**Q** 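A single structure is presented below for examination.
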2 protein chains.
Amino acid sequence: MSEDDSRSAKPGKRATINDVARVAEVSKKTVSRVINQSPFVREDTRERVQAAIDELGFVPDPQARGLAFRRSFLVGMIYDQPSPTYVVNMQQGILDALKGSGFELVVHPCSRNSPTLLKDIRGFVERQRLFGVIMPPSVSEDDSVIELLQELDCPYVRIASLALDEPQNMVVTNDWIGAAEAAQHLADLGHRRIALVRGLASFRSSVVRGQGFIDALAERGIDIPAAYDLQGAYTYESGVEAGHALLSLPEPPTAIFTLNDDMALGVMQAARERGMELPRDLSIVGFDDLPMAARVWPNLTSVRLPIRDMGRMAAEKLLAPTRGVDPAKLQQPEVRPALVVRRSAIPLG
Amino acid sequence: MSEDDSRSAKPGKRATINDVARVAEVSKKTVSRVINQSPFVREDTRERVQAAIDELGFVPDPQARGLAFRRSFLVGMIYDQPSPTYVVNMQQGILDALKGSGFELVVHPCSRNSPTLLKDIRGFVERQRLFGVIMPPSVSEDDSVIELLQELDCPYVRIASLALDEPQNMVVTNDWIGAAEAAQHLADLGHRRIALVRGLASFRSSVVRGQGFIDALAERGIDIPAAYDLQGAYTYESGVEAGHALLSLPEPPTAIFTLNDDMALGVMQAARERGMELPRDLSIVGFDDLPMAARVWPNLTSVRLPIRDMGRMAAEKLLAPTRGVDPAKLQQPEVRPALVVRRSAIPLG
DNA sequence: AGGCGCATTGACACCGGTTTCCTAAGCCGC
DNA sequence: GCGGCTTAGGAAACCGGTGTCAATGCGCCT
């Protein structure tokens with residue numbers, strides 16, 4: 001009762017819904033209605049309650065609320081992605097969207113080939129009663145995981161390079177266009193003997209990017225012979241290997257496009273091990289635009305995906321229902337990659 | 001009452017403490033005692049309850065438990081670190097330690113110079129009633145944040161290169177030795193004109209690493225003139241700048257040690273912009289051993305810190321009380337860095 | 001035998017919200 | 001002016017666990 005300056009949260013204890021109810025002279029249920037934006041509160045009552053909330057600096061306890069709702073205010077991010085940059089940027093984007101909403105982000109790396117994958121995820125989702133989960137590739141492409149989430153009745157948003165699901169559950173990246181831009185760039189530079197190093201076939205992105213590249217080159221009358229179309233594994237080492245394979249051909253390519261940056265660096269390494277000078281003897285374009293793309297020599301030309309934005313959009317989709325937005329129709333601004341031109345690909349000369 | 005096959009969690013609903021109590025024929029309070037390892041339960045009772053728990057596949061609800069405990073089962077990681085590799089590895093380490101404990105990791109990036117830093121952290125910790133937080137540099141070195149956490153009575157573990165706090169609140173890395181090893185390596189290679197590019201002065205690690213390097217060189221009779229001791233900012237760009245400054249000296253160094261890898265790459269860039277060939281014309285050693293250290297050309301010799309282990313150790317310290325381990329004495333295996341020798345530093349010739 | 005102290009256990013309120021059910025008031029048409 | 005319908009708001013149970021405190025039973029002491 002002995003209020004010090006009541007401005008906001010000074011005293012040791014935080015205000016509860018009962019305090020608010022007392023100050024606003026209503027029942028706690030009415031306060032609850034205001035918090036949850038129930039339409040069954042008269043305008044003046046709502047204002048009185050809101051004033052009390054502000055005065056006391058009241059913030060509802062997520063644990064108590066979650067207990068009653070039987071659903072927590074935690075968003076999970078489940079990923080099996082090895083690239084730290086991707087993961088951190090996506091976390092950032094998700095947090096951008098979560099900021100101020102009272103939701104928090106819980107991270108959960110996993111391994112798709114672990115025998116306990118489903119058990120782990122089930123435990124994670126069920127025990128914490130997650131509000132929803134966000135998944136980047138490649139977990140986002142795992143049917144058994146999706147089935148599990150549906151069975152658990154856990155909302156989710158998948159980030160992938162193909163529309164694998166209902167729109168409200170997807171953030172789709174246009175990897176096809178990104179690869180096509182890379183193709184156009186190399187063709188414009190005058191290259192004709194162009195090779196492609198793909199990623200793990202189990203990633204949709206590898207298929208989509210590969211197709212975009214091939215389609216765009218075909219449009220310009222360039223085609224990629226089988227010997228120039230290699231399967232990598234999205235790893236640096238596989239890039240080194242592919243690089244050697246391509247550069248030891250009787251008629252080696254003058255340009256190589258790899259479906260991620262790690263492999264691009266591997267190709268660079270291979271070229272150097274063979275005594276080639278870059279970019280003079282070989283043009284290289286990567287995909288991802290990792291920070292190191294701008295730091296290696298020669299600075300790597302690469303396709304950038306707006307990872308952070310993608311994370312933000314995914315979280316916004318997940319939270320849409322809480323903002324009263326219809327589940328189905330969030331206009332989704334297409335996620336477009338952009339070619340970042342640096343110095344690793346130069347005109348054929 | 002109509003029990004189907006009671007084996008384990010088949011039915012849609014998860015078992016509650018009441019179900020367990022009924023099956024074990026005890027009160028829910030006794031079940032609670034078993035869950036919380038209270039010593040006041042007779043052995044045969046404990047076994048009976050445990051059997052019921054196993055049979056029903058009962059897992060206590062963290063929200064309900066947290067509500068009653070007035071403390072959640074969430075561990076926060078607060079960081080302001082720009083390096084994704086560092087962040088992700090540390091998350092991994094923390095999760096290693098959390099696995100199976102029922103705790104989850106909530107991430108919270110922040111900016112130390114944001115005017116709302118303290119307000120944000122207060123909100124985060126207070127609202128979620130975090131069990132504890134883990135902080136890597138440089139938040140871990142921010143006195144105002146630490147004060148806030150103490151005021152909030154929130155357990156924390158700081159990761160830093162100096163013992164800034166009680167042992168149970170610290171995981172200390174021996175950056176001094178890491179830098180000393182780099183110094184020894186360069187000296188052993190025959191270098192005498194050796195330069196140092198430091199990081200942001202506001203990072204303790206910069207001071208400690210710098211000191212380790214200088215001390216170890218001094219021990220070998222080599223000293224670093226002022227013109228060879230530059231202040232960088234832990235960024236690539238500052239590395240480029242420092243590189244140019246050093247290499248344009250009348251008598252440039254033959255080797256440069258930068259206090260992180262980003263700056264090492266910057267120095268490489270500068271050297272190349274000046275037409276130098278690496279590593280022939282300049283030896284370079286970095287610190288951090290980021291993945292790209294192994295991918296750039298020439299492969300960068302660097303000092304590696306066991307980030308993941310550090311994260312694991314930090315989480316173990318935080319959880320020690322819950323495992324009945326005395327707060328004060330966890331024998332802390334010293335965190336030792338290791339020099340990873342690659343090809344960017346070669347004998348002076 | 002009676003009393004004491006300890007080891008165990010349960011009844012009941014409580015954590016901080018939400019939901020269910022119900023009441024009373026306001027408003028309509030007749 | 002009255003019944004019926006809609007709406008604002010309250011009482012009490014409930015979400016799934018924990019704390020407090022008292023009750024029970026038992027061995028041991030004098």
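A note on names: the letters A, B, ... follow the listed sequences, proteins ahead of strands, and every chain is numbered from 1. Values reported hereafter were calculated over all heavy atoms of this structure, with side chains retained and with hydrogens, waters and symmetry mates removed. Predicted model only: the values in this text are computed from it and were never measured.
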**Q** At less than 4.0 Å, is any side-chain N or O atom of A:N36 found next to OP1 or OP2 of C:dT18? Yes or no.
**A** yes
**Q** Could you give the CG-to-P distance, from A:D19 to C:dG16, as a whole number of Å?
**A** 9 Å
**Q** Grab the CG-P distance between B:L67 and C:dT18 for me, whole Å please.
**A** 12 Å
**Q** Expressed as a whole number of angstroms, how long is the span from B:Q63:CD to D:dC14:C1'?
**A** 15 Å
**Q** Round to the nearest Å and state the distance from B:N18 atom CG to C:dC12 atom P.
**A** 14 Å
**Q** Which nucleotide sits closest to the side chain of A:R42: D:dG9, C:dA11, C:dG16?
**A** D:dG9
**Q** Check whether any side-chain heavy atom of B:I35 lies under 4.5 Å from a side-chain heavy atom of B:I17, and answer yes or no.
**A** yes
**Q** Describe the nucleic acid contact of B:V41 in one word from base, sugar-phosphate, nothing, applying a heavy-atom distance below 4.0 Å.
**A** sugar-phosphate
**Q** Please tell me which of B:E43 and A:A68 maps to the more 5' nucleotide of DNA chain C, matching each residue to the nucleotide holding its nearest heavy atom.
**A** B:E43
**Q** Less than 4.0 angstrom between a side-chain N/O of A:S32 and OP1 or OP2 of C:dG17, yes or no?
**A** no
**Q** Roughly how far, to the nearest 0.5 Å, is the CZ atom of A:R158 from the CG atom of A:D142?
**A** 9.0 Å
**Q** With side-chain contact (heavy atoms from CB on, under 4.5 Å) as the test, pick out the partner of B:K28 among B:V20, B:D19, B:N18.
**A** B:N18
**Q** Regarding D:dG16, can its base be found pairing with the side chain of A:R129 as donor and acceptor, where the two atoms are less than 3.5 Å apart?
**A** no
**Q** How many Å lie between CD on B:E25 and P on C:dG10, as a whole number?
**A** 10 Å
**Q** Given atom CG of A:D44 and atom P of D:dG9, what is their separation to the nearest angstrom?
**A** 7 Å
**Q** Between C:dG16, C:dG10, D:dT18, which one does the side chain of B:V26 approach most closely?
**A** C:dG10
**Q** For D:dG9, does OP1 or OP2 lie under 4.0 Å from any side-chain N or O of A:T45?
**A** yes
**Q** Here's a test of your reading of the structure: between A:P39 and A:K28, which maps to the more 5' nucleotide of DNA chain D?
**A** A:P39
**Q** In whole Å, I'd like the distance from the NZ atom of B:K29 to the P atom of C:dT9.
**A** 13 Å
**Q** Do A:T322 and A:S101 have side-chain heavy atoms sitting under 4.5 Å apart?
**A** no
**Q** Measuring from the side chain of A:D61 (C-beta onward, heavy atoms only), which nucleotide among C:dG17, D:dG16, D:dG9 has the closest atom?
**A** C:dG17
**Q** For B:R33 and for B:P60, locate the closest nucleotide of DNA chain D by heavy-atom distance; then report the residue assigned to the nucleotide nearer the 5' terminus.
**A** B:P60
**Q** Tell me whether the OP1 or OP2 atom of D:dC15 has a side-chain N or O from B:T16 closer than 4.0 Å.
**A** no
**Q** So, is B:R70 near the phosphate of D:dT18, with a side-chain N or O under 4.0 Å from OP1 or OP2?
**A** no
**Q** How many Å lie between CZ on B:F69 and P on D:dG16, as a whole number?
**A** 17 Å
**Q** Would you call A:E316 and A:R323 a salt bridge, taking side-chain N to carboxylate O under 4.0 Å as the test?
**A** no
**Q** Considering just the side-chain nitrogens and oxygens of A:R65, establish if one lies under 4.0 Å of OP1 or OP2 belonging to C:dT18.
**A** yes
**Q** Considering only C:dG17, D:dG9, D:dA11, which nucleotide approaches the side chain of A:F58 most closely?
**A** C:dG17
**Q** Taking CD in A:Q37 as the centre, count heavy atoms belonging to other residues, nucleotides or ligands within less than 6.0 Å. Is the count above 12?
**A** no
